[in-house]
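Because only heavy atoms are used, hydrogens play no part in the values below, and waters and symmetry mates are left out as well, while side chains stay in.
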Amino acid sequence: MNKYFDINEEGFSIRCKIYYNKDLHNHTDVVIATYGFGGNKDNKAIEKFADRITTKYKGYVVVCFDWPCHGADARNKLIPEECMKYMSLVVDYAKKELKAERIFNYSSSFGAYITLRQLHETTINPFDKIAFRCPALKMYDAFAQNITDADWTKLNKGKEILRGHDRKIKMSKELLEDFKEHDVTEHDYMEFADDIIMIHGTKDAAVPIETVRAFSDENVIELYEVENADHPFSNPDYMDFAIQKMIEFFK
């Protein structure tokens, strides 16, 4: 089961979706789930994960929300700091309103990047455990490799280009430079390593497996490599494997 709700705090209106099994008030654990760039809170991979964990285990609910400029969000300029603020406000809601005894994080792609960036910039981990699927460790590289010469000309003239899937998002050179400046692979996450796992496909064209292996080794984070899986884990069997590993880790 699921329902939509909004978190209205500090001038922000965060559009959220919560998954639960029968009784919304009978839970102890909250999983905050985030998705990739240009997606939305109705993400099918998160829905599949949520259905699996809420029906198989008692006490779990899963909360997903629209990043700034994503889904039904009202903002029209993507600012990474505001993404981190949204995450903080959702964590606060899980603690205060949902009365969570434990809070977990399941993030993929852009969502993993924001989570890692927040861990580094705040040096505080509000999550009991974190599971990353296809983390976009090199956000700048992931975008830069697919920008045409014509689009680079636009960006260099101060114009914006559009990127995304379900909703097109304005991308400026300023945003790209922000991603370049805040490269999460340049930081140390060893103090959080015991509470993190990563799952990544060997055929991921957006984030090469070599990048993830190096990050895993440098930070002693457990990495599960899924042979032949692409960035979105489009093969259902690979997605099932990833979901099972994440649930096992949270349990």
Would you tell me whether [X] and [Y] have side-chain atoms, one donor and one acceptor, within less than 3.5 Å of each other?
X    : Y    : result
Y86  : D73  : yes
S13  : N8   : yes
Y224 : E222 : yes
N21  : K58  : no
Y4   : D42  : yes

**For A214, side-chain contact (heavy atoms from CB on, under 4.5 Å) partners two or more places apart** = E218
**Request:** Kindly write out the residues that satisfy side-chain contact (heavy atoms from CB on, under 4.5 Å) with D29, not counting sequence neighbours, or none if the list is empty.
**Result:** Y60, R102, F104
Heavy-atom pair of closest approach, residues [X] and [Y]:
X    : Y    : answer
A72  : D66  : N-OD2, 2.9 Å
T34  : G111 : OG1-CA, 3.1 Å
V61  : Y20  : CG1-CB, 3.8 Å
S107 : T115 : OG-OG1, 3.4 Å
S172 : E160 : CB-CG, 4.2 Å
L78  : P68  : CD1-O, 3.3 Å

**Message:** For R117, give me all partners under side-chain hydrogen bond (donor to acceptor under 3.5 Å, both in side chains), at least two apart in sequence or on another chain.
**Reply:** E81, Y113, E121, D178, H182
**Prompt:** Quick one: side-chain hydrogen bond (donor to acceptor under 3.5 Å, both in side chains) partners of K170, sequence neighbours excluded?
**Reply:** none
Do side-chain atoms of [X] reach the backbone of [Y] as a donor and acceptor pair under 3.5 angstrom?
X    : Y    : value
T123 : L119 : no
N156 : W152 : yes
S216 : I221 : yes
D128 : I103 : yes
R167 : C69  : yes
D204 : D230 : no
T28  : E101 : no
H70  : G38  : yes

**Prompt:** Can K77 and E174 be said to form a salt bridge (charged side-chain N to carboxylate O under 4.0 Å, His left out), step by step?
**Reply:** CA-CA 11 Å; K77 183 178 181 181; E174 176 186 13; 3.7 Å; yes
Look up atom [atom1] in [X] and atom [atom2] in [Y], then write down how far apart they are to the nearest 0.5 Å.
X    : Y    : atom1 : atom2 : result
T153 : K159 : OG1   : NZ    : 10.0 Å
T54  : K22  : OG1   : NZ    : 11.0 Å
E186 : H120 : CD    : NE2   : 9.5 Å
S108 : N43  : OG    : CG    : 6.0 Å
R75  : I169 : CZ    : CD1   : 13.5 Å
T185 : D183 : OG1   : CG    : 3.5 Å

**Request:** May I ask you to decide whether D151 forms a salt bridge with R163, counting only side-chain N to carboxylate O separations under 4.0 Å?
**Result:** yes
**Request:** Identify whether the distance between the nearest side-chain nitrogen and carboxylate oxygen of E82 and K85 falls below 4.0 Å.
**Result:** no
Indicate, with yes or no, if [Y] and [X] share a hydrophobic cluster defined by side-chain heavy-atom contacts under 4.5 Å among Ile, Leu, Val, Met, Phe, Trp and Tyr.
X    : Y    : result
V220 : I196 : no
F143 : I79  : no
M139 : L162 : no

Would you say the side chain of [Y] lies within less than 4.5 Å of the side chain of [X], judging by non-hydrogen atoms?
X    : Y    : value
L155 : L176 : yes
F215 : Y189 : yes
H200 : P135 : yes
D141 : F179 : no
V226 : T202 : no
D240 : K48  : yes
N235 : F241 : no
N105 : V31  : no

Test: [X] cationic atom under 6.0 Å from [Y] six-membered ring centre, within 45° of axis:
X    : Y    : value
R133 : F233 : yes
K180 : Y140 : yes
K129 : F249 : yes

**Prompt:** Y35 and F110: ring-ring contact (aromatic ring centres under 6.0 Å, His included), yes or no, with the steps?
**Reply:** CA-CA 7 Å; Y35 48 84; F110 174 70; 8.4 Å; no
**Request:** Taking salt bridge (Lys or Arg N to Asp or Glu O under 4.0 Å) as the test, write out the residues that go with D195, two or more places apart.
**Result:** none
Identify each donor-acceptor pair in which a side-chain atom of residues 87-99 lies under 3.5 Å from a protein atom, sequence neighbours left out, and give them as a table.
| from | atom 1 | to | atom 2 | distance (Å) |
| --- | --- | --- | --- | --- |
| S88 | OG | M84 | O | 3.2 |
| S88 | OG | Q118 | NE2 | 2.7 |
| K99 | NZ | K96 | O | 2.9 |

**Test side-chain contact (heavy atoms from CB on, under 4.5 Å) applied to D51 and F49, step by step** = CA-CA 6 Å; D51 287 346; F49 166 84; over 6 Å; no
**Request:** Run the numbers on Y106 and I32 for side-chain contact (heavy atoms from CB on, under 4.5 Å), then give the verdict.
**Result:** CA-CA 6 Å; Y106 156 36; I32 295 176; over 6 Å; no
**Full working for side-chain contact (heavy atoms from CB on, under 4.5 Å) between I18 and N2** = CA-CA 5 Å; I18 187 168; N2 64 78; over 6 Å; no
**Asked** Given the rule in the side-chain contact (heavy atoms from CB on, under 4.5 Å) test, do E225 and R213 qualify, once you have shown the distances and angles that lead to the verdict?
**Response** CA-CA 9 Å; E225 295 186 20; R213 285 173 183 157; 2.8 Å; yes
